[in-house]
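Take a look at the structure below.
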Amino acid sequence: DAKYQYHVSMDASRIIKGNISSSYPSPNAFEFCSAINNLDFINADERGDTRYFCLFRGCDSLTNLTFNGEIIHNCFEGCPALKSVTLTTVTNIDDYAFNGVSTLETINLGELYYLSRIGKFSFGGCKSLKTVVIPAGVEEIVPGAFYNTGITDLQVSQENIVYSSNYEGVSGAIIKRYASESSPYPMIVQGAKITKVTDSESIFIIGEYSFAGIEYEEGSILNLPRNTTTIEDYAFSNSKNCSVVIPSSLLYMGNKVFNGWKSNQSITIPSGITRQVGSTDFLIAYWENKTWSLTPVYDEKFDFYSFCHLD
């Protein structure tokens, strides 16, 4: 009648098996345990109690993981060798769950029928993660869930009623069909290297952290939907090697949208936008209280002003 069973393969010649029958594995129980390289963790508790805070954080030899249970804050954060993850019956991947696992290559999200939530920075910094499939039951993807990843193939199950990866002229992104009850417009929640935009009459919102931390090919230009009205906080922060074309429909820009940009990047702004956007002058573009030299370059062909700051 054990609540939990876990099997830890420490090396090829030694397997440790154990049962926890009277108590939960405590938070941080295996934190920074360098001996674990393969892990099969089974939650046998029918009540579904979840108390796995930082449970395996910093296990620097862990390479393969099979996990059955809820994944709570920082559970596998900073496991620098983890490459393959297989999850079963997971309903929630909490904040920072796999944050900083730059070696993670595969995870079976698309097979998780009961998964409903993906938390903030849960896959932040997973630069080796190229393919992500959002299953049908996901109802909430918190901003920044896939911050600073290397995703080149991003899909959403066609059965998902909240999110889509091909909607109103935008493909190769996670799009929330309606941002909220008070703002009934689609929102780009997560972009990728392969995000494409075609003509669309729909009003769009560029969500918080949606393109943040993505490293593009040198000289890439990101064209936003032509009826974009809002760009939320940190939307393009620390994205690399790209430039952005701002549509003339823009009405509001959030805080630190272009934080961390370098001198090889530029923002193209229609000449008609010279007014205040949000609480700070649009042309200053929230450079995180740093002093940047903004050099206007007039392009007669497109009647645009391009602004790039100099280091």
Side-chain angles (χ1 to χ4, degrees), residues 38-39 62-68 71 75-167 170-177 187-197 207 209-217 220 222 236 238-242:
N38 288 280
L39 175 66
L62 181 62
T63 58
N64 296 288
L65 165 69
T66 299
F67 195 90
N68 178 355
I71 300 178
C75 193
F76 296 97
E77 182 182 27
C79 293
L82 185 59
K83 291 186 176 182
S84 177
V85 174
T86 301
L87 305 176
T88 58
T89 64
V90 172
T91 61
N92 175 44
I93 298 176
D94 215 341
D95 301 347
Y96 301 91
F98 295 94
N99 185 51
V101 184
S102 61
T103 53
L104 181 62
E105 297 175 352
T106 60
I107 184 168
N108 64 326
L109 290 183
E111 301 172 11
L112 301 179
Y113 183 80
Y114 296 104
L115 182 64
S116 62
R117 180 182 182 273
I118 301 175
K120 186 173 184 178
F121 299 130
S122 51
F123 294 95
C126 294
K127 292 181 175 293
S128 299
L129 188 62
K130 305 301 183 184
T131 300
V132 168
V133 179
I134 304 299
V138 172
E139 298 175 349
E140 181 184 13
I141 300 174
V142 180
F146 297 97
Y147 170 75
N148 194 21
T149 61
I151 298 172
T152 56
D153 183 12
L154 201 161
Q155 305 171 34
V156 178
S157 168
Q158 293 183 0
E159 298 177 1
N160 192 301
I161 63 173
V162 179
Y163 297 98
S164 175
S165 53
N166 190 344
Y167 189 73
V170 178
S171 61
I174 300 176
I175 303 121
K176 192 172 185 180
R177 299 172 192 271
M187 172 189 287
I188 298 178
V189 174
Q190 179 63 51
K193 291 183 178 181
I194 41 75
T195 299
K196 295 181 180 180
V197 176
Y209 289 104
S210 52
F211 292 88
I214 299 176
E215 186 170 354
Y216 291 90
E217 299 295 328
S220 295
L222 305 184
F236 298 96
N238 296 307
S239 58
K240 298 175 178 63
N241 303 323
C242 63

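Only this structure's heavy atoms are used, side chains among them; waters, hydrogens and symmetry mates stay out.
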Under 3.5 Å, side chain of [X] to main-chain N/O of [Y], donor-acceptor pair present?
{"X": "K240", "Y": "N238", "result": "yes"}
{"X": "S116", "Y": "T91", "result": "yes"}
{"X": "S165", "Y": "V156", "result": "yes"}
{"X": "N160", "Y": "P135", "result": "yes"}
{"X": "N99", "Y": "G125", "result": "no"}

So, for [X] and [Y], which heavy atoms are closest and what is the spacing to 0.1 Å?
{"X": "A192", "Y": "I151", "value": "CB-O, 3.7 Å"}
{"X": "V170", "Y": "I175", "value": "O-CD1, 3.5 Å"}
{"X": "V162", "Y": "V138", "value": "CB-O, 4.2 Å"}
{"X": "A173", "Y": "G191", "value": "CB-CA, 4.2 Å"}
{"X": "L115", "Y": "N92", "value": "CD1-N, 3.8 Å"}

- Verdict with supporting geometry, D153 and K130, side-chain contact (heavy atoms from CB on, under 4.5 Å): CA-CA 6 Å; D153 183 12; K130 305 301 183 184; over 6 Å; no
- With E140 as partner, the option from K176, K120, R117 fulfilling salt bridge (charged side-chain N to carboxylate O under 4.0 Å, His left out) is R117
- Side chain proximity check, Q190 to I141, heavy atoms < 4.5 angstrom: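 Counting from C-beta outward, Q190 and I141 never come under 4.5 Å.
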- Residues, nucleotides or ligands: over 12 heavy atoms within 6.0 Å of K83 NZ: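 No, not enclosed.
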- Query: Testing F98, Y209, Y96 for ring pair (Phe, Tyr, Trp, His ring centres under 6.0 Å) with F123, which one passes?
  - Reply: F98
- Task: Give the C-alpha distance, both sets of side-chain angles, the deciding distance and a yes or no for side-chain contact (heavy atoms from CB on, under 4.5 Å) between L222 and Y216.
- Result: CA-CA 10 Å; L222 305 184; Y216 291 90; 3.8 Å; yes
- Item | CD-OG1 distance between E105 and T103, expressed to the nearest 0.5 angstrom |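 OG1 of T103 is found 7.5 Å from CD of E105.
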